[in-house]
Amino acid sequence: MKPVLAIGDVVAKPGEIAKGSLGSVELADGSKSKVPLIVINGVHEGPVLALVAAIHGTEISGILAIHQVVQSLDPRKLHGSLLAIPGGNPLAIRVGAYTTPLDGKNLSGPWYLPPVQKEIATITQRLALYINEALEKANYIIDIHANPLPSIHFVLTSLEMCKTDEIKQDVKKMAKAFGLTIINWPRKEATSIRDICCKNNRPSITVELAGNIYMWDEVAMVGARGIRNVMRVLGMLEGPMEKQEVDIIEGDFTFFGWLIAQRGGFMLVRKKPGQFIKQGDVVIEIVDVYGDVIEQVRMPVNGYCWSFTGGVGGTHAVSEGDRLAYVFTHVEELGKPSFVEKPV
Ligand SMILES: [Zn+2]
């Protein structure tokens with residue numbers, strides 16, 4: 001018989017779904033903001049999969065993906081357990097902010113495995129401390145994020161963070177099963193849950209849904225299907241793989257960089273996310289408040305944009321220095337001479 005699972009204030013016997021929280025932080029007015037947790041303790045033996053959504057408070061579509069997964073599962077048929085955190089940063093969610101307004105910190109930071117010592121931790125790091133409890137108990141982790149529209153659905157990996165080939169293969173297996181375009185982000189420092197978990201021998205992927213501030217079925221379903229597919233390849237769930245009904249770009253892709261505004265104004269997106277764009281082609285035009293084009297932002301490499309993030313909060317009103325779009329490319333494009341704009 002499998003043991004009872006007790007995490008935070010949640011206790012789930014085998015075959016049970018239980019809801020509660022991993023812990024809470026206290027605010028000035030005495031109110032508490034809790035990190036929610038859903039535990040599904042399957043009847044059968046199997047791995048522990050942790051799901052995290054809304055580590056960034058503007059990326060709530062992953063919360064609905066978790067709801068859909070939880071509501072579709074029968075714990076009597078589940079192998080292993082699911083630890084789902086539907087709303088990782090409650091302080092950012094409550095005000096529709098990307099990071100925590102109270103301390104300005106990004107919950108998707110290097111605060112995990114091990115977490116920052118509680119006594120000296122800021123309020124965001126204390127949220128991470130609670131989330132960490134679930135990560136420590138998990139064998140596999142899916143961190144669900146989302147981009148402002150227009151964007152594509154995709155999965156991010158951090159293969160360079162994997163210390164063994166076995167972990168790397170597990171990450172690839174999870175990413176492939178999810179069923180979306182796969183992009184590797186070759187980072188040197190571990191700065192996200194995905195990076196840190198991989199570095200600590202817990203295979204992990206980040207899912208980036210297209211559409212962040214919405215509770216739309218058609219967005220969340222992509223996440224829910226992918227999560228269930230990962231559960232199938234991990235042996236947690238039976239049944240056929242679910243086909244993703246979105247455009248997928250096949251290839252060996254890597255994150256390249258950002259398109260950055262050199263002028264302030266309003267961005268007109270001239271290409272589609274996921275569309276192949278030739279090096280030097282105009283991707284975005286920035287117009288001033290009178291409608292005159294003041295900058296043409298060109299593609300630095302043969303590749304694609306996964307989203308057009310624009311200015312503060314995803315607005316297409318942009319200031320100079322704003323990261324307008326994320327660029328990714330085929331790995332074989334790296335090392336070729338990059339685009340340099342000729343002086344006019
Ligand atoms: Zn995010």
Side-chain angles (χ1 to χ4, degrees), residues 35-36 50-66 84-112 124-125 127-128 130-132 134-135 141-158 161 174-175 178 180-185 187 189-198 204-216 219-220 222-224 226-227 255-259 273 305-315 322-328:
V35 179
L51 306 175
V52 192
I55 284 288
H56 293 134
T58 45
E59 302 172 13
I60 63 166
S61 42
I63 297 174
L64 185 55
I66 286 182
I85 303 169
N89 192 340
L91 298 173
I93 292 168
R94 59 164 71 188
V95 291
Y98 183 75
T99 53
T100 314
L102 292 162
D103 61 3
K105 292 238 183 302
N106 188 342
L107 187 54
S108 181
W111 330 119
Y112 306 89
T124 300
Q125 291 163 342
L127 295 174
Y130 293 125
I131 292 167
N132 194 71
L135 301 183
I141 293 103
I142 302 177
D143 186 15
I144 313 159
H145 289 243
N147 281 287
L149 297 173
S151 55
I152 58 166
H153 299 278
F154 63 99
V155 168
L156 280 173
T157 60
S158 286
M161 289 288 154
M174 291 169 75
F178 210 95
L180 302 175
T181 301
I182 302 167
I183 303 164
N184 187 53
W185 191 321
R187 280 206 268 233
E189 299 290 325
T191 56
S192 67
I193 286 182
R194 172 186 79 253
D195 297 336
I196 295 164
C197 288
C198 285
S204 172
I205 56 172
T206 301
V207 175
E208 295 280 357
L209 297 174
N212 55 348
I213 55 172
Y214 314 102
M215 295 292 271
W216 287 346
V219 175
V222 176
I227 291 164
F255 167 73
F256 183 81
W258 291 272
L259 299 182
C305 292
W306 76 51
S307 70
F308 295 90
T309 42
V312 178
T315 175
D322 277 344
R323 289 171 172 178
L324 305 178
Y326 285 80
V327 174
F328 68 102

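Just so you know, ligand 1 is whichever comes first in the structure, and atom 1 is the first atom listed for that ligand. The basis for the numbers below is simple: all heavy atoms, side chains too, and nothing from hydrogens, waters or symmetry mates.
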State the count of protein N/O/S atoms located less than 2.8 Å away from the Zn ion (ligand 1).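 Step by step: take the Zn ion (ligand 1), keep protein N, O, S below 2.8 Å, and you get 4.
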Could you check whether the rings of Trp258 and Phe255 sit parallel, tilted or perpendicular, using 30° and 60° as the cut-offs?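 Perpendicular, since the angle between the ring planes exceeds 60°.
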Once the angle between the rings of Trp306 and Phe154 is folded into 0 to 90°, is it parallel (under 30°), tilted (30 to 60°) or perpendicular (over 60°)? tilted
Quick check against the 3.5 Å criterion: does [X] have a side-chain atom that pairs as donor or acceptor with the backbone of [Y]?
X: Asp322; Y: Leu324; result: no
X: Ser151; Y: Pro148; result: yes
X: Thr309; Y: Arg323; result: yes

Just to verify, which of Ile144, Asp143, Leu127, Thr99 counts as forming a side chain to side chain contact (heavy atoms under 4.5 Å, CB included) with Ile55? Asp143
